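For reference, the structure is listed below as structure tokens.
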Protein chains: 2
Amino acid sequence: MKTILVIEDEKDLAELISFNLEKEGYRVLTAVDGASGLESARGNVPDLILLDLMLPAISGVEICKILKKSEKTSRIPIIILTAKGEEIDRVVGFEVGADDYVVKPFSNRELMLRIKAVLRRGEQERQSDKIIRIGSLCIDTSRHAITCAGEEIILTTTEYKLLINLAERLGRVQSRDVLLKNVWGYNYIGDTRTVDTHITRLRTKLGEAGDMIKTVRGFGYKMEDA
Amino acid sequence: MKTILVIEDEKDLAELISFNLEKEGYRVLTAVDGASGLESARGNVPDLILLDLMLPAISGVEICKILKKSEKTSRIPIIILTAKGEEIDRVVGFEVGADDYVVKPFSNRELMLRIKAVLRRGEQERQSDKIIRIGSLCIDTSRHAITCAGEEIILTTTEYKLLINLAERLGRVQSRDVLLKNVWGYNYIGDTRTVDTHITRLRTKLGEAGDMIKTVRGFGYKMEDA
DNA sequence: TACTATTTTTACATACTTGTAACATATTTG
DNA sequence: CAAATATGTTACAAGTATGTAAAAATAGTA
């Protein structure tokens, strides 16, 4: 039986997540703030940590960094819970070192799928210092740098986040709505066509690698080699 | 037609919302307090719930928690209506498990946009990423890719949905009316012969796998291996 | 403040999709 | 066996989704 540590200050949400996790057969530990979360993680090393980014006192980012620095806890996979789309690029990259993230509000199903995926993923390929290579494209998340066939490509924040989102879910079709939620944040109200515009710009800037962003008519976009 | 349950104790507001929702083509159920709201949600599962936070007796937060914990109702998206300002909006709103929130006073336009966004999100969720194999045919729903004996087959949106519908109910005959409802949507007005045309196209594109789509004269179509 | 970079919206072009109708073929029925 | 009925097939006008560029709005900065 796998143990999951939930670090979340909002009691209701923590309770809800615990309830669902237990229903799925996980053992659950909860912590309402960073300090007790750290303590718990060190004392009884869990198989995975769900970490809210917005915590009182020590922020989730800090906690994540601390956990990743200690030998004892560095190998525990961490999934970040965040309300903002804007922070994900920093979070998943080297700076923070989380293994995955879920943007609030998330469905139970979504969360469970992510947890399973992260647990399944081998220890060796944790995302901390991840460099994504797809065809001639190379994304160095730690340096926030992108190259295509050696040539450096300068992207704006939105373009970068959009690319990361597509690249991390390689092959999977993502609807405009999902992209809006993950890149722009849950609170975004606007035209889904905005995504199209950014896709166009991304394709242009990426040059030959831009062809790897495929349109799936009626559904959304996906990224795929060749 | 989508059904929306409005749980709101202020009669005037409830009425106004109902009026606007109906104008947009939704079916509306209303409940003036938590208990009847819960009952209604369980009895006639709606597609979405608009939930006032400030209710007599049981609070909206409680209701939200209860709904999210029950298997039957946990998947219903909930939009919170709250009169309180900034500090509560994010924290209480969707961290309880709700899918979105709107702060009173809200414009009709805003509410409708949120509803649409949340409903869209839900539709995305439903398509789980599984791989269906039937004979030489392979359907990868997450990649939205179809292969027959390794060869990739490009389908249009309608063709794809039609195939999924047949493949998911393997062996079972489905009438043209049922297919129209499932693939084209319940309010589709048109010729049932449209189905035939698409079946033909599907068979052609699928090549040898197309033979697995069988005609059941007088009843409809079914999919069956060999 | 003005200026720049970036993002979003708008508008239009284009390419793809689709429902229908018309005709062909097959099957059932009387 | 012919008529009636059901399904198969094809072509095309109309509809729809996406691509793209340019204007408008916004955010960021000196």
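Throughout, a chain's letter reflects where its sequence line sits, starting with A, and its residues are numbered from 1. Remember, predicted model here, so these are calculated numbers, not experimental data.
When heavy atoms are screened at a 4.0 angstrom cut-off, A:Arg176 is found touching the sugar-phosphate backbone but no base atom. Counting any heavy atom pair closer than 4.0 Å across all strands shown, A:Thr156 reaches sugar-phosphate atoms only and no base atom. Residue contacts for A:Thr215: at a heavy-atom cut-off of 4.0 Å it reaches the sugar-phosphate backbone alone, with no base atom in range.
Counting heavy atoms from C-beta outward, B:Ile4 and B:Arg27 have side chains that stay 4.5 Å or more apart.
The phosphate of C:dT7 (OP1 or OP2) has a side-chain N or O of A:Thr158 nearer than 4.0 angstrom. The side chain of B:Trp184 places no N or O atom within less than 4.0 Å of a non-bridging phosphate oxygen (OP1 or OP2) of C:dT18. Side-chain nitrogen and oxygen atoms of A:Thr194 include at least one within less than 4.0 Å of the OP1 or OP2 phosphate oxygen of C:dT9. The phosphate of D:dG8 (OP1 or OP2) has a side-chain N or O of B:Tyr221 nearer than 4.0 angstrom. Taking side-chain N and O atoms only, B:Tyr160 has no distance below 4.0 Å to OP1 or OP2 of C:dT18.
Heavy-atom distances to DNA chain D give each of A:Thr204 and B:Arg203 a nearest nucleotide, and the one nearer the 5′ end belongs to B:Arg203.
Aromatic ring orientation, B:His144 versus A:Phe219: tilted (interplanar angle from 30° to 60°).
Under a 3.5 Å cut-off, the side chain of A:Lys65 and the backbone N or O of A:Gly60 do not form any donor-acceptor pair.
Residue-environment remark: CD (B:Glu22) exceeds the threshold of 12 foreign heavy atoms within 6.0 Å.
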